[in-house]
Amino acid sequence: MLSLDLIRKSPEVVRRSLERRGDAASLALLARIGELDGRRRTSRQGAEALRARQNRLTRLLGPLRGAKGGAQLKGFIEKTQATMADDDLRAALLRFYAMSNWDKLDGWKSVQAHAISELMKLNAELATQLQALEKQDEGAPELEQELNDLLLSLPNIVDEAVPDGAGPADNQVVATSGEPPAFPFTPKPHWELGESLGIIDFARGVKLSGTRFYVLMGLGARLQRALIAFMLDVHTTEHGYTEVYPPFMVKREALVGSGNLPKFGDNLYHDAEDDLWLIPTAEVPITNLHRDEILEALPLYYVAYTACFRREKMSAGRDTRGIKRGHQFDKVEMYKFVAPESSGQELDRMVADATDLCRRLGLPHRVVQLCAGDLGFASAKSYDIEVWAPGCGEWLEVSSCSNCADFQARRANIRYRPQAGGRPQFVHTLNGSGLALPRILIAVLENFQQADGSVIIPGVLRPYLGGAERITSAK
RNA sequence: GGAGGGAUCGCAUAGUGGUCUAGUGCGGCCGCCUGCUAAGCGGUUACAGGGACUUAAAUCCCUGUCAUGGGUUCGAAUCCCAUUCCCUCCGCCA
């Protein structure tokens, strides 16, 4: 979420960012946001002024009513009028003070009664005014809701350093590492290897759950588990991340906090009975770990293995072959909560942490900087990491590392104190896969396949597979 | 799923309709005192929104917030209703 303050004070910054994203729809909403914001402010000011008067008045009634004796009553009235900020009320108090009944026997009681009924009358007037004001702003709650929804639907401000561009074709390769292997034979795609080795069962996946589901069998399943364990181990013991095992189902608010709702509900699985949502990435629960908190110590590095669930409505018909894009997949996710001034270099470190895994696995990979037009909704700056898959002949996105700046922190209300005792400020959040599983599995199978259809297991994974060096069959 | 109890400032607690503009203790921060440490003394102590003044910060004023949302009342931490969460017991269960 963008701050209303930014939209008010620097609308040109917001406009330019939306233009760079090519987000014409959001651009059109800016004027409406300004209008709603202005309207809300003026109506609030009127109501608050009235409420302030009402509070001042109501504060008089208690002591007035509770006074025990004329001296006490008189003293209260005298003292209070001296500090009364409201002219009408001060005038009223002075009038009570000047009344003649004080001198009669029990006269103070009639002053008291008079004062109370006068003030009640005044209060009734204020209540009427307040009511009129409320009636005038009849649609206020709806407008407030609309303003809120509009704010939640604007994408993050694009970082200045992000190159211009309209879409994926304009992304820039910033680093390439590792040599694509040279095969003395035609490398096979993973769906052929997986099937002939008996480690991927497509037909049974479809039988169980329909299209875009598969079953991993034997060493295929074990290889995936080895990859998960390997990646978690490296991140926790060498890269400084704390392992987290979060719920795979979350409440609606959690998805608002991370930026998936209200805009991208289409791509999520949802249980209507309990209003629980299956996470599309561990980024969602981890962002919300610290929702509504003021963090004591930064930075915080987390890494989580989770399954991820996506409807893939937006990608209907794409990547239907193999295991590249399923409705359910596993992923190890890195996540950081950091101080704003360090988020730039933290992003670079996160990319390094992800590519480190590719290097250790021996997979040829490259780092791609996303252009403004291809940037995700919540991201200010992103790098994708792609590994080469010689069988299907394409670069596979196995990670997308993003600096979300304060965009998610503002939605999820996650803050820290720059100085002890200072004002809380929003943290910056970063997320990146480290790495996404079925694709890294594809890369391992396709890069290390042998002429006989077997697959050599990368050295770093062998300890996780009981020392096995090669997959020749599922067993 | 059933029955009962609960939710107050960072923590612990007080608070049964107006003096609550939420008290007290602990912790934190600032200062004083002080061979060191500890203790002591004084002060301070949330968040959000809006406004005044400002280059800005600081400061000041107003509104809201005692789990959340409604209601009763001139006035609600306090009374009523609903929701959420926590605890205890019962049932069921990997």
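In what follows, every heavy atom counts, from backbone to side chain, and hydrogens, waters and symmetry copies are set aside. In what follows, chains carry the letters A, B, and so on, assigned in the order in which the sequence lines appear, proteins first and then strands, with residues in each chain numbered from 1.
For R41(A) and L57(A), each mapped to the nucleotide of RNA chain B holding its nearest heavy atom, the one lying further toward the 5' end belongs to R41(A).
Checking rA48(B), rG49(B), rG50(B) against the side-chain heavy atoms of R8(A) singles out rG50(B) as nearest. The side chain of R415(A) sits closest to rC47(B) out of rC47(B), rG64(B), rC62(B). In this structure, of rU63(B), rG49(B), rA48(B), it is rU63(B) that holds the atom nearest to the side chain of R51(A). Taking the side chain of N123(A) as heavy atoms from C-beta on, and the options rC74(B), rC47(B), rG51(B), the nearest nucleotide is rC74(B).
Contact between the side-chain N/O atoms of Q45(A) and the OP1/OP2 oxygens of rG51(B) is found at a separation under 4.0 Å. Contact between the side-chain N/O atoms of N55(A) and the OP1/OP2 oxygens of rC74(B) is not found at any separation under 4.0 Å.
No hydrogens or angles were tested; on distance alone, nothing pairs the side chain of E48(A) with the base of rG64(B) as donor and acceptor under 3.5 Å.
Across V332(A), L227(A), V234(A), a single residue satisfies side-chain contact (heavy atoms from CB on, under 4.5 Å) together with L357(A), and that is V234(A).
Between the CZ atom of R291(A) and the P atom of rU68(B) there is a distance of 15 Å, rounded to whole Å.
By the 4.0 Å N-to-carboxylate-O rule, E35(A) lies close enough to R32(A) to be salt-bridged with it.
In this structure, R53(A) reaches neither bases nor backbone, as no heavy-atom distance under 4.0 Å exists between it and the strands shown.
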Identify the pairs formed between an N or O of the protein and an N or O of nucleotides 15-18 of chain B at a distance under 3.5 Å, and give each distance.
residue	atom	partner	partner atom	Å
rG18(B)	O6	R65(A)	NH1	2.7

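Side-chain contact check for Y301(A) versus R349(A): some heavy-atom pair is nearer than 4.5 Å.
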